[in-house]
J.: 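Here it is: the structure, laid out below.
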Amino acid sequence: MPTSLDPLVPVDEFPVAQTCTYINAANVTPMYRPAAAAITDWYRDVAEHGSNHFDEEAEATVFDELHLQAARLFNASPTDIAAGSSTTELLSSLAWAVMPGAETNVVSTDVSFPASVYPWRRVANHTGCEIRLAHARGDTVDPDRVRDLVDDNTAVVALSHVEFRSGQRWDLAAFADIAHQHGALLVVDATQSAGAVPIDAPGMGVDAVAAGAYKWLCGPFGVAVMYLAPHLATRLEPGLVGFRSQKDIWDIRTDPPDYPEDASRFEFSTMAYGLAGGFAKSIGFLVDTDIDRIFAHNQVLADHLIDGLTAMGAEVTSPRNADERSAIVTARFPGRDISDVAQHLKQAGVMVALRGPVIRFSPHLYNRMADVERALEVISGMD
Ligand SMILES: Cc1ncc(COP(=O)(O)O)c(C=O)c1O
């Protein structure tokens, strides 16, 4: 186990990593500095020049660079990518598009972030589809419990690739197989994994995967991307439809839209366009850094956290086995008030998250071993 490890990238690209000990990527990441600059520049330009610069052509092609970079992230084609304002928005539009009917079911877990469940619940209220949630034991779910709920009436298996509360990581290739054996789709929320865990969406057989920018992808709030397998992108009618739903967005009319023959049919209206360019920059930076390297870097930090927490008598509640773990490490502190631990860390400038009865640590590429050591020192020095 190395006792020192430098950040994977220059920390001056991540200002907050210089002003405190930031181990909280699962909540919000400090934005990659060039991404923030691109966004600011875009807004200044529109504020000062309006459509003189951001003209019809610029608006029609505003997502091109984001499509390109997100395609690299998911090992897909730019035509497989849709941009939106949030994971929940994209998955909601998808849920209405798939619209699982009465007699069918959607399978997820009872500890997933709502983005994997609520969009389907809302459609189920309308169609009578059954929502089946695998129950967690503690904070994690035995994969067999999900497998056992899938049957020939399953329309969708909806999983959060890495669970927000426990860091449990699902084997997407295995669950794509299970879903497909029953004629179901695998729909994935990758908000807690994209940027930190390699995702080869076509290679894994995933049918749809969406991720927001502001966590591991080091981008802003207010923008997200979704990969859609081509077999869906060309046949689904999106749940949300607007002027951008036309092949030619400037062919503005009210008769039924002529949808693009690709995933961009899920882009439907104006949004905070300036965020798209910033998000493209942060994704490009992470992919250039190499997501496999980021994954390996974060695992070394997580290992050190796990060892240090265990040594001080904390109960690590996130999975430790290689197949299920991620960079999220969660722990209980028997005999201590958990909010005291959280408060103490915060006062010492160590930023982590309090999630129910656990503290959630989530190191990323700008962290070094000394950050982990600082967190451990602060906790063990509490008495
Ligand atoms: C797994 C997961 N999905 C999605 C989100 C957020 O989704 P949205 O930005 O659509 O609210 C979070 C936020 O914590 C999350 O942990």
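Counting starts at 1 for both ligands and their atoms, following the listed order.
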J.: Give a yes or no on whether a salt bridge exists between Arg169 and Asp323, defined as a side-chain N under 4.0 angstrom from a carboxylate O.
T.: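 Looking at Arg169 and Asp323, the cut-off is not met.
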J.: Return the set of residues passing salt bridge (Lys or Arg N to Asp or Glu O under 4.0 Å) with Glu130 (not counting sequence neighbours), or none when no residue passes.
T.: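 Here the qualifying residues are Arg132.
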J.: With a cut-off of 3.5 Å and sequence neighbours excluded, list every side-chain donor-acceptor pair involving residues 199-222.
T.:
{"from": "Asp200", "atom 1": "OD1", "to": "Asn75", "atom 2": "ND2", "distance (Å)": "3.0"}
{"from": "Asp200", "atom 1": "OD1", "to": "Gly203", "atom 2": "N", "distance (Å)": "2.8"}
{"from": "Asp200", "atom 1": "OD2", "to": "Asn75", "atom 2": "ND2", "distance (Å)": "3.3"}
{"from": "Asp207", "atom 1": "OD1", "to": "His231", "atom 2": "NE2", "distance (Å)": "2.9"}
{"from": "Asp207", "atom 1": "OD2", "to": "His180", "atom 2": "NE2", "distance (Å)": "2.8"}
{"from": "Asp207", "atom 1": "OD2", "to": "Leu186", "atom 2": "N", "distance (Å)": "2.8"}
{"from": "Lys215", "atom 1": "NZ", "to": "Ala26", "atom 2": "O", "distance (Å)": "2.9"}
{"from": "Lys215", "atom 1": "NZ", "to": "Asn27", "atom 2": "O", "distance (Å)": "2.8"}
{"from": "Trp216", "atom 1": "NE1", "to": "Gln192", "atom 2": "O", "distance (Å)": "3.4"}
{"from": "Trp216", "atom 1": "NE1", "to": "Gln192", "atom 2": "OE1", "distance (Å)": "2.8"}

J.: Contacts table for ligand 1: protein N or O within a distance under 3.5 Å of ligand N or O, distances only.
T.:
{"from": "ligand 1", "atom 1": "3 (N)", "to": "Asp189", "atom 2": "OD1", "distance (Å)": "3.4"}
{"from": "ligand 1", "atom 1": "3 (N)", "to": "Asp189", "atom 2": "OD2", "distance (Å)": "2.5"}
{"from": "ligand 1", "atom 1": "9 (O)", "to": "Tyr214", "atom 2": "OH", "distance (Å)": "3.2"}
{"from": "ligand 1", "atom 1": "10 (O)", "to": "Thr88", "atom 2": "N", "distance (Å)": "2.9"}
{"from": "ligand 1", "atom 1": "10 (O)", "to": "Thr88", "atom 2": "OG1", "distance (Å)": "2.5"}
{"from": "ligand 1", "atom 1": "14 (O)", "to": "Lys215", "atom 2": "NZ", "distance (Å)": "2.9"}
{"from": "ligand 1", "atom 1": "16 (O)", "to": "Gln192", "atom 2": "NE2", "distance (Å)": "3.0"}

J.: List, one per line, each side-chain donor-acceptor pair under 3.5 Å for residues 34-44, sequence neighbours excluded.
T.:
{"from": "Thr40", "atom 1": "OG1", "to": "Ala36", "atom 2": "O", "distance (Å)": "2.8"}
{"from": "Asp41", "atom 1": "OD1", "to": "Arg44", "atom 2": "NH1", "distance (Å)": "3.4"}

J.: So, Arg145 and Asp148, do they make that salt bridge, N to O below 4.0 Å?
T.: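 Between Asp148 and Arg145 there is no salt bridge, as every charged N stays at least 4.0 Å from the carboxylate O atoms.
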J.: Establish whether Trp170 and Ile131 are linked, either directly or via other cluster members, by ILVMFWY side-chain heavy-atom contacts under 4.5 Å.
T.: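 Looking at the clustering, Ile131 is in a separate group from Trp170.
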